[in-house]
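To keep things clear, I will list the structure first and then write my remarks on it.
Along the sequence shown, residues carry numbers from 1.
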Amino acid sequence: MKLKTILTTALVAAAISTQVQAQEWKKTLTPSNPKGGAALKPVHLTYEANFNGAIKSGKISFIFDKKDKRYPKYFISQCYGGSSFNSLPYKLQMTSFASRKTLLPKLMVSKDKDKRKEESITNKFYTSSVSHKKTTKNFVTGTTDSSQSFKASAIHDPLTAMMFIRSQKLEVGNKINIFIFPSTKPYLVNIDVLSKEIRHGKPCFKLNVIMRRVNKDTGKLEPYKKLKKANIWITADDQRIPLEFRIEVNLAKYIKLGSVRLILKAQQKP
């Protein structure tokens, strides 16, 4: 065998081996629990947002299982609101259409706006792939369009990921691993159930959240430096209502380190 052939074969074998190792994390993904999701009642949750310690600096609302006669086959979730924080005004709207059987997304559309730009995103989820389209309107440089697609299965959007967590049978020490595509890049989310404690007068599970970016080409996990720390307190009853979020993020040149705290202020039927 010629040296060139030997080297080529070795390189191909190494590349395949690396790719297989990079995909090992997929084996750790937590399977869906549709029966658990079926027990969750439709709900509209409103949170007060405190940014960098500034009280009442924003408001975020979530609606899970919104009824719409036009889409009876889909589990519809919505998120809307934003920040009125002086240095970082922000508005968000997001709607997710998911399978009622699996709670996996079929379509997610979102629009967010800050003082620099406005972005509109459409993500379509198929059995083994995801397609993404984005329109960015920069208030200085103008409008640009971009699109991409990549192979992926059992992947969530942010709203179905929350439903997935709520549908799990939580116990202290449990670990939940979710593959998620929140907007433009995929991530592996690792969730640890740290403890059971009283929060806002109710028994809750305290969750710790870690995110790592997934390279779409190689499948390798890469550090995600923007998220420093994240904890969620979720009720220990059968409805699994998130009562509080505490997040520390690194927003690069805009704000070196930002802390975000969401506290549940209202719970009602959609």
Side-chain angles (χ1 to χ4, degrees), residues 3-32 92 94 96-99 102-112 116-138 141 143-162 164-165 175-192 209-230 247 249-254:
L3 179 59
K4 181 179 179 180
T5 303
I6 294 174
L7 291 174
T8 301
T9 303
L11 288 172
V12 171
I16 293 174
S17 176
T18 299
Q19 191 170 32
V20 170
Q21 292 175 9
Q23 301 288 341
E24 283 296 309
W25 58 266
K26 289 186 177 181
K27 297 179 181 179
T28 71
L29 294 178
T30 304
S32 61
L92 168 69
M94 179 184 297
S96 166
F97 298 82
S99 164
T102 65
L103 294 181
L104 286 170
K106 298 295 184 181
L107 171 69
M108 187 214 77
V109 292
S110 69
K111 179 179 289 187
D112 62 277
R116 301 180 302 116
K117 65 182 185 302
E118 180 179 277
E119 288 187 344
S120 298
I121 292 175
T122 299
N123 291 336
K124 295 182 179 180
F125 299 82
Y126 304 99
T127 303
S128 58
S129 65
V130 177
S131 70
H132 163 82
K133 291 183 179 180
K134 180 175 71 172
T135 297
T136 302
K137 181 181 179 182
N138 188 295
T141 60
T143 301
T144 59
D145 295 315
S146 63
S147 63
Q148 60 173 308
S149 61
F150 62 96
K151 293 182 179 180
S153 59
I155 189 168
H156 285 271
D157 65 38
L159 296 175
T160 63
M162 287 186 65
F164 184 89
I165 296 169
K175 296 181 182 294
I176 302 171
N177 299 324
I178 312 174
F179 190 20
I180 182 172
F181 188 64
S183 56
T184 59
K185 297 177 181 178
Y187 298 85
L188 174 65
V189 179
N190 303 117
I191 299 170
D192 292 306
V209 182
I210 297 174
M211 292 178 65
R212 286 176 287 175
R213 185 179 289 117
V214 178
N215 186 299
K216 295 191 296 294
D217 299 321
T218 66
K220 287 185 177 181
L221 298 177
E222 302 171 351
Y224 181 56
K225 297 180 179 180
K226 288 185 178 181
L227 180 66
K228 294 294 184 179
K229 184 178 180 181
I247 306 166
V249 291
N250 185 349
L251 298 178
K253 62 183 179 180
Y254 304 110

Report yes if the side chains of Ile178 and Ile165 come closer than 4.5 Å at any heavy-atom pair, otherwise no.
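Answer yes - side chains close enough.
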
So Phe164 and Ile176, do their side chains get closer than 4.5 Å, heavy atoms only?
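Yes, side chains in contact.
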
Partner set under salt bridge (Lys or Arg N to Asp or Glu O under 4.0 Å) for Lys225, not counting sequence neighbours:
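Salt bridge (Lys or Arg N to Asp or Glu O under 4.0 Å) check on Lys225 returns nothing, list empty.
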
Under the salt bridge (Lys or Arg N to Asp or Glu O under 4.0 Å) test, residues paired with Asp112 that sit two or more places apart
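Counting only residues at least two positions away or on another chain, Asp112 forms no salt bridge (Lys or Arg N to Asp or Glu O under 4.0 Å).
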
Sort and list the pairs that fulfil salt bridge (charged side-chain N to carboxylate O under 4.0 Å, His left out) and have at least one residue in residues 176-189, not counting sequence neighbours.
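Pairs touching residues 176-189 that pass the test: none.
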
Would you list the atom pairs, donor with acceptor, under 3.5 Å between side chains in residues 119-130 and any protein atom, with sequence neighbours excluded?
from: Asn123; atom 1: OD1; to: His132; atom 2: ND1; distance (Å): 2.7
from: Asn123; atom 1: ND2; to: Ser183; atom 2: O; distance (Å): 3.2

Sequence neighbours left out, what passes side chain to side chain donor-acceptor pair (under 3.5 Å) with Arg213? Give chain and number order.
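Residues passing side chain to side chain donor-acceptor pair (under 3.5 Å) with Arg213: none at all.
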
Enumerate donor-acceptor pairs with a distance under 3.5 Å from any side-chain N or O in residues 147-162 to protein atoms, sequence neighbours excluded.
from: Gln148; atom 1: OE1; to: Lys216; atom 2: NZ; distance (Å): 3.2
from: Gln148; atom 1: NE2; to: Thr184; atom 2: O; distance (Å): 3.1
from: His156; atom 1: ND1; to: Thr160; atom 2: OG1; distance (Å): 2.9
from: Asp157; atom 1: OD1; to: Leu159; atom 2: N; distance (Å): 2.9
from: Asp157; atom 1: OD1; to: Thr160; atom 2: N; distance (Å): 2.7
from: Asp157; atom 1: OD1; to: Thr160; atom 2: OG1; distance (Å): 3.2
from: Asp157; atom 1: OD2; to: Ser96; atom 2: OG; distance (Å): 2.6
from: Thr160; atom 1: OG1; to: Asp157; atom 2: N; distance (Å): 3.1
from: Thr160; atom 1: OG1; to: Asp157; atom 2: O; distance (Å): 3.3

Between Asp145 and Thr135, is any side-chain donor less than 3.5 angstrom from a side-chain acceptor?
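Checked: Asp145/Thr135 side chains pair up, N/O donor to acceptor below 3.5 Å.
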
Over all atoms of both residues, closest heavy-atom pair of [X] and [Y]:
X      : Y      : answer
Ala230 : Leu227 : CB-CD1, 4.0 Å
Phe181 : Pro186 : CD1-N, 3.5 Å
Met211 : Tyr187 : CE-CG, 3.7 Å

Would you compute the distance between atom CD of Glu222 and atom CG of Asn215 and round it to the nearest 0.5 angstrom?
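Output value for this atom pair is 4.5 Å.
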
For the atom pair CG (Leu188) and OG1 (Thr28), what is the distance rounded to the nearest 0.5 Å?
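Between Leu188 CG and Thr28 OG1, I get 6.0 Å after rounding to 0.5 Å.
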
Val189 and Asn177: side chain to side chain contact (heavy atoms under 4.5 Å, CB included), yes or no, with the steps?
CA-CA 6 Å; Val189 179; Asn177 299 324; over 6 Å; no

